[in-house]
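Below you'll find the structure, written out as structure tokens, and then a few comments.
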Number of protein chains: 2
Amino acid sequence: MPDVIVNKQQFYNPVDYVLKKIGGTWKIPVLWRLQKKARRYSELQKDIPHISQKMLTQTLKELEADGFISKQTFPEVPPRTEYSLTPKGQQAMEVIVVIRNYGLQLLQADGIDYEAMIKAEAEQKKKQS
Amino acid sequence: MPDVIVNKQQFYNPVDYVLKKIGGTWKIPVLWRLQKKARRYSELQKDIPHISQKMLTQTLKELEADGFISKQTFPEVPPRTEYSLTPKGQQAMEVIVVIRNYGLQLLQADGIDYEAMIKAEAEQKKKQS
DNA sequence: GCCGCTGCGCACCAAAAAGTGCGTAGCACC
DNA sequence: GGTGCTACGCACTTTTTGGTGCGCAGCGGC
């Protein structure tokens, strides 16, 4: 497995290449929420627990630079920005879904029913509203 | 996406869970080489460019603790240890292959023919021998 | 004229991941 | 009895990644 150098960044193998592009703590949560529809900055911030403004800004910037998402700014008042998946981003999502499914499997093997947890969380929200 | 806590480690989502298990710089290169046959410590070290003894030891330990590989020590002189994929490790490899294929695609889209690079490297080795 | 909302930028700090260097046990061989 | 091989362990440092806190521009409404 030879090394590859692109734009002064070094990669040890193709998997490394992918994980440097869409890995890290926040890129996948962001891509995940853009899957079905475009979202604005403030929506993403509300939807993604624990994310800081800095990390959201940085994540969106990198994903845009790598062509996974695109940004549209509306010259309104107050300003509005919408982010959406590009075709390249949609392709990446296919791989992410595979990893996620494997993750659900692993979690179950470790005794955690993640999908049940999501349902329970949704119930909580209903009660609140 | 609620948080999950397993053994005092926190995970934000299933993908995060997978990447904490088989992510990082070295786990995948190691798993990759155990794919077809068992290998010993020193073989892995020779085969994986840039890896330090510390990281190899640490990686093998974590993969074993998580059940992806198993270790067999032969009480010979000098001592010999062989590492091999468990069924769980083989399952993980399926996902890794998907990521890798996507990586090859991405690399090609970025103008890099990785498989040609591997072939060229193999040619080099032939010449040397 | 002051507050608030939106989508950022920047400086600084903490934690996690990886790299470096050195040591060790047991035996075999010369 | 010195050297070398194997499969590690440990302490320390560097690099990378993520977190905190602050500020700002432009406009609208009171």
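Below, chains carry the letters A, B, ... as their sequence lines are ordered, and counting in each starts from 1. As the structure is a computational prediction, the values presented were derived from the model and not from experiment.
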Numerically ordered, the residues 38-46 of chain B set in heavy-atom contact under 4.0 Å with DNA chain D is R40(B), Y41(B), S42(B)

With a 4.0 Å heavy-atom cut-off, tell me which residues in residues 59-70 of chain B come close to DNA chain D, sorted by residue number.
-> K61(B)

Summary of ring-ring contact (aromatic ring centres under 6.0 Å, His included) pairs that have at least one residue in residues 49-72 of chain B, sequence neighbours excluded | Y12(A)-H50(B)

Looking at residues at least two apart in the chain, or sitting in another chain, which of them share a side-chain contact (heavy atoms from CB on, under 4.5 Å) with T57(B)?
-> Y41(B)

Could you check how far CZ of R80(A) sits from P of dG28(D), rounded to whole Å?
-> 16 Å

Rounded distance in Å - CD (Q72(A)) to P (dG7(C)) | 13 Å

Between CG of L56(B) and P of dA7(D) the distance, given in whole Å, is 10 Å

Go through T73(B) and E82(B) one step at a time and tell me if the side chain to side chain contact (heavy atoms under 4.5 Å, CB included) criterion holds.
-> CA-CA 6 Å; T73(B) 310; E82(B) 274 195 1; over 6 Å; no

List, with names and distances, any nitrogen or oxygen atoms from the protein found under 3.5 Å away from nitrogen or oxygen atoms belonging to nucleotides 18-21 of chain C.
from	atom 1	to	atom 2	distance (Å)
dA18(C)	OP1	T25(B)	N	2.9
dA18(C)	OP1	T25(B)	OG1	2.8
dG19(C)	OP2	W26(B)	NE1	3.0
dG19(C)	N7	K54(B)	NZ	3.0
dG19(C)	O6	K54(B)	NZ	2.2

In whole angstrom, what separates K21(B)'s NZ from dA17(C)'s P?
-> 13 Å

Tell me: NZ of K27(A) to C1' of dT16(D), nearest whole Å?
-> 13 Å

Give the minimum heavy-atom separation between D16(B) and N13(B), together with the two atoms involved.
-> N-OD1, 2.7 Å

Between L19(B) (CG) and dA16(C) (P), how many Å, whole number?
-> 18 Å

Locate the shortest heavy-atom distance separating I28(B) from L19(A); write the atom from each residue and the value.
-> CD1-CD1, 4.4 Å

Charged N to carboxylate O under 4.0 angstrom, K119(A) versus E121(A)?
-> no

Distance test, side-chain N/O of T73(A) to OP1/OP2 of dG7(C), below 4.0 Å = no

Considering all heavy atoms of both residues, which atom of E43(A) and which atom of R39(A) are nearest to each other, and what is their separation?
-> OE1-CA, 3.5 Å

Measure the distance from NZ on K71(A) to C1' on dT6(C) and round it to the nearest whole Å.
-> 12 Å

E115(B) atom CD, neighbour heavy-atom count above 12 within 6.0 Å | no

Donor-acceptor under 3.5 Å (K27(A) side chain, K21(A) main chain) = yes

Looking at I51(B) and M55(B), what are the two nearest heavy atoms and their distance?
-> CG1-CB, 4.1 Å

Salt bridge (charged side-chain N to carboxylate O under 4.0 Å, His left out) filter on K54(B), not counting sequence neighbours, yields none

